[in-house]
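Quick notes on the structure that follows.
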Amino acid sequence: MKLVPLKLVTIIAIDALEQKIISDIKQCGSKGYTISEVEGEGIHSKHFSDWEGRNIKIETLVKEEVANKILEIISSKYFGKFSIVCFLSTVEVLRPEKFE
Amino acid sequence: MKLVPLKLVTIIAIDALEQKIISDIKQCGSKGYTISEVEGEGIHSKHFSDWEGRNIKIETLVKEEVANKILEIISSKYFGKFSIVCFLSTVEVLRPEKFE
Amino acid sequence: MKLVPLKLVTIIAIDALEQKIISDIKQCGSKGYTISEVEGEGIHSKHFSDWEGRNIKIETLVKEEVANKILEIISSKYFGKFSIVCFLSTVEVLRPEKFE
Amino acid sequence: MLEILLSSLSSPIVLAFVLGVFATLIKSDLKFPDSLYQSLTIYLLFAIGIKGGVKLSGSSFSEVYKISIAAIFMSCMIPVWAYLILRFLAKFDSINSAAMAAHFGSVSVVTFSQTSVYLEQKGIVSEGFMPAMLAIMEVPAIMIAIFIARKYSDSKGESGSKIMHELITGKGSLLLTGGLIIGLITGKKGFEQVSPFFEVPFKGILCLFLLEVGLVTGRRLSDLRKVGFKLIFFGILIPVLNGLLGSMLATWAGLGVGGTTLFAVLCASASYIAAPAAIRMALPEANPGYYLTASLAIAFPFNVTLGIPLYLNFSEWLHHLN
Amino acid sequence: MLEILLSSLSSPIVLAFVLGVFATLIKSDLKFPDSLYQSLTIYLLFAIGIKGGVKLSGSSFSEVYKISIAAIFMSCMIPVWAYLILRFLAKFDSINSAAMAAHFGSVSVVTFSQTSVYLEQKGIVSEGFMPAMLAIMEVPAIMIAIFIARKYSDSKGESGSKIMHELITGKGSLLLTGGLIIGLITGKKGFEQVSPFFEVPFKGILCLFLLEVGLVTGRRLSDLRKVGFKLIFFGILIPVLNGLLGSMLATWAGLGVGGTTLFAVLCASASYIAAPAAIRMALPEANPGYYLTASLAIAFPFNVTLGIPLYLNFSEWLHHLN
Amino acid sequence: MLEILLSSLSSPIVLAFVLGVFATLIKSDLKFPDSLYQSLTIYLLFAIGIKGGVKLSGSSFSEVYKISIAAIFMSCMIPVWAYLILRFLAKFDSINSAAMAAHFGSVSVVTFSQTSVYLEQKGIVSEGFMPAMLAIMEVPAIMIAIFIARKYSDSKGESGSKIMHELITGKGSLLLTGGLIIGLITGKKGFEQVSPFFEVPFKGILCLFLLEVGLVTGRRLSDLRKVGFKLIFFGILIPVLNGLLGSMLATWAGLGVGGTTLFAVLCASASYIAAPAAIRMALPEANPGYYLTASLAIAFPFNVTLGIPLYLNFSEWLHHLN
Ligand SMILES: Nc1ncnc2c1ncn2[C@@H]1O[C@H](COP(=O)(O)O)[C@@H](O)[C@H]1O
Ligand SMILES: Nc1ncnc2c1ncn2[C@@H]1O[C@H](COP(=O)(O)O)[C@@H](O)[C@H]1O
Ligand SMILES: Nc1ncnc2c1ncn2[C@@H]1O[C@H](COP(=O)(O)O)[C@@H](O)[C@H]1O
Ligand code: NA
Ligand code: NA
Ligand code: NA
């Protein structure tokens, strides 16, 4: 059982961006992702209903190069204009080939 | 693209504490948070319905000082009395000023 | 306030495995876990409805030895046959005795 | 007694509850989505409120004031004696005694509705303003029980005024009271527009809801074994006591047999919508293994099967005396 | 005017809205689960569509073509003049002006339904094909407003054709138009099978939905103070203007008093299902503090209380003239 | 044939399914919240069960025993021959053959309900106890198909007894059988209380549910192209075969034309509530691109449009022979 370090990229954004972000991360080379429904507050105050839209959290496990590409694309396409937060952490996986 | 390390504080607690914890972390200096609905088991057994309440997971990205303040407040106010778990990890972000 | 490093094991799998994975991690020595409902895509394409089942994310905070045991069991029992992803990260907690 | 039990058990509403309990016992995967539970709760509370308001709009003050006083009296006193019994006779600790007292003092919307259906089936009319009593009796007992807990233990949950605010603005009171007022304002004519949704399918929706109540109760049954005979005994004794006292008060207040039975049920029933939420906040140290079990797995099934016929018979007997 | 207000306020549907607003103001924890909101929306849109289709199946082309042209005309023009008023009279910036223009130009399903109920209560018949106008008027105004925003600001959201696709395939249009076509095909006879679900409880379900609308509106009220008098003024002016123009056009198109009032309401009402979703995607820089507040907290309550009687009176007066 | 197709297509229930498929094809964002899907499923299963139980309470054993034997026989045999056909004629691998056999052997609640509505529209009465057959036929075929898969492949999912337990306690069986028993106990009189919820709006709710079935089916259509003609061919052949055999058996068992058609539909229909869940657990290696597509995108639409009239005509012809 050999554990290999990979990057976990987490993106929190308004749900309207779901399809776009997914196609972005795929283009950068991500082979999979996991989405959950969340709520949150930041510069923008909390959304209370479907009228105001919801947030989603997208997590994708990728190699470092891919992670950097994703950060670059997300920051250039969405930062400033959209409600979005993005961060990186290091995790360890088995079967690293699954994520390449 | 410069990545800066920040602390991600994760708090898992019964939903009844939501408003209180949010105001606590804001007071400590957090500028935002993300909440998701979760279920779980620990010392207390799993909750099965609204009757028994649910759990929430609150995540907030903050500087190390703020993270420490949050841990201090959470542990002194809630540990022992309430169903609550709290941990810290290190992540990397762009735009660190957004979280200060 | 002394922070102690622990391992956070994250398992993403089809919901049908929920009960089995929970009993596996308990057997390995986990004292608690947190579950959330997620959706995702990997080798298998995204599930769109209850007909096709959903994914869950199970997170458990444990000591390194337990984490290794969990990884071993999960990989030997489910890898290859089931839709499952599993990774490890290091976090810091107060009250480490709660998780032992 | 078996006959009474069997007759209650022929109601589809009670049977749905039994099915839910059974499903949990055989470890079925049947589960109501959270939002279905919440939606049904919203529907039931609002529907009861609005229907009660419409009927109240046809009642005069003189009919209502005596029973309202009785309702407030019982709301304030039940938690006191329930606490005393649980603390000193049953020897539970003070926090759990107070938590259970809150549940016994508040009311069960579902038991109330099931009683209305039961009386209707038997052709017994009852005063239309009784849902107003339901609304009156929901909150005070919980407040008083929390006050007792604070006084006689060192519990330190939410502050008193915060809890008061939460109880009064809680969805239970809000939907019941709001519905009542809407019903009062619109009256019978306005209600006609919405009655095909709030009245016609009501019993069927209650039936579906009881399936869910059964599912949750089933999970509590395993706690029953742990908590033992003591809880079962007092979980039946206190409702019976309250039900009989309620019957007497309601008879004094001049209600008919139907209304008397409904009032007895309000006194006897234990809350499982408002009280658990409030106690979780206010007395976090209290153990749901006691209060939820007492309310859902003991008082509720007892009331719905044997309790209702008992209070009805007692009420009939009292009215016969007069 | 107070009398009119009070008479609207005796409808349980309007009162449910008021209760929702009140619940938010006193900070109640009452909350509809998301999926209940979504389920109610699906029900309402589909039910309106299918009922409209059934009625449309009984109408001839000659009855319908004039008012259809009027509907398309108003859909295209309202966003233009609403934009001009908001941008140059009210001095909002171009993106927010366009976002609000989209909302004023599109239609409110709930206001429309409430008007139907109101007319029915008064015994005023109206043309059955009006829901078809609702379907026609939902989308075009949003497209045009987005087009204006793109032209007169440097907003860079989604591409035009993408948004067009999203609007036309959006659940609003799809359920309304799909329902209409199903109603048209099955006609009265086929509809009978499903009318106990799509027709009978409709008003009651609308009542429940308005409780939720009230909850959301309540949260917007705090924005009202921030955005100030200007938004309130124009948020009433524009609907009134559109409503009166709509009345005239509908009278010209030969509708009766009922249909004229409904058309006026379609013109006057502001969207809060389709438009917010579209604007969020297309004009992400627009501030919901303006467009949601204008639509939910100003135009909607105004229309439902004072607007509907106003448009009805004006329509009656116009028909009297002819 | 076109005529038959068109006549089925004038039912709002079938049209809702078509609308759902269409919505997916044009990539609409229309989506049912999960909990609405789950709530509708709970409602439909429980309502069918309870209604069937009420009707069964009026039937005698002598009416029911023959068709019950036929139901058990078909449940056990359909998966066998479906497996043989799929494995050796169609040359699918053994795991996917068994997975599909499980789906063809079990039953579709929605197809059954749509058939009842269809017969009712035509004025054809049918035996009231048929929902009991639905309950009988849900589980056995799935068990047998899984047994076959275990025997003829090296699949290693859950253990047999675990799956058996899960199937029997699964929400499908539980709600159907539980409802049946409740219906049996309460009988016609008890059912009256809840029929405004479980009977009156049933078809409308079914209509809404079919919109969701259509949405999911639409997504499976793209798989159709991948899996190719072979699956389509056998996905129609097997239902037709089972339907015709079912007709004969039911005629032998002495049912009328209506009951015979319903039984044929039970045999012909493919499960998409119980079977997919069970197969996911028991045969995780099976590909939903085969079994869900065969069940939802082939067998279901075929049965609902052409199948039902075919089985009805065949049943009429058989009864004419006798
Ligand atoms: N400091 C933070 N920690 C965790 N989540 C955050 C933080 N700031 C923002 N978010 C999330 O990102 C979303 C968008 O952020 P914003 O654009 O700042 O409103 C919020 O709704 C939160 O869900
Ligand atoms: N070891 C653990 N790993 C992950 N989550 C945990 C763990 N222990 C407790 N939790 C979460 O924290 C909640 C409260 O914990 P407790 O008070 O121990 O019941 C549980 O319901 C779980 O959601
Ligand atoms: N690279 C990845 N990053 C994050 N989550 C993933 C990744 N790959 C797979 N998953 C999750 O694991 C589930 C099963 O993966 P798979 O078996 O590859 O389809 C998916 O549905 C996702 O939720
Ligand atoms: Na009580
Ligand atoms: Na408009
Ligand atoms: Na079958």
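Numbers restart at 1 for each chain; the letters A, B, ... are given by sequence-line order, proteins then strands.
Neither the backbone nor the side chain of Val18(F) comes within less than 4.5 Å of any heavy atom in chain E. In this structure, the portion of Gln121(F) lying under 4.5 Å from any heavy atom of chain E is its side chain and not its backbone. Only the side chain of Ile13(F) comes within less than 4.5 Å of a heavy atom of chain E; its backbone N, CA, C and O stay farther away. For chain F, the nearby parts of Ile182(E) are the backbone and the side chain; heavy atoms of each come within less than 4.5 Å.
Panel note: side chain Glu138(E), backbone Ala135(E); no donor-acceptor pair is recorded below 3.5 Å. Distance alone, capped at 3.5 Å, places no donor-acceptor pair between the Ser295(F) side chain and the Leu292(F) backbone.
Side-chain contact annotation: Ser35(E) with Ser35(F), donor-acceptor N/O pair under 3.5 Å present.
In this structure the side chain of Val14(F) never reaches within 4.5 angstrom of the side chain of Leu210(F), judged on heavy atoms. A 4.5 Å side-chain heavy-atom check between Thr260(F) and Phe314(F) finds every atom pair outside the cut-off.
Most heavy-atom pairs under 4.5 Å with chain F: of the set Leu36(E), Ile185(E), Ile181(E), this distinction falls to Ile185(E).
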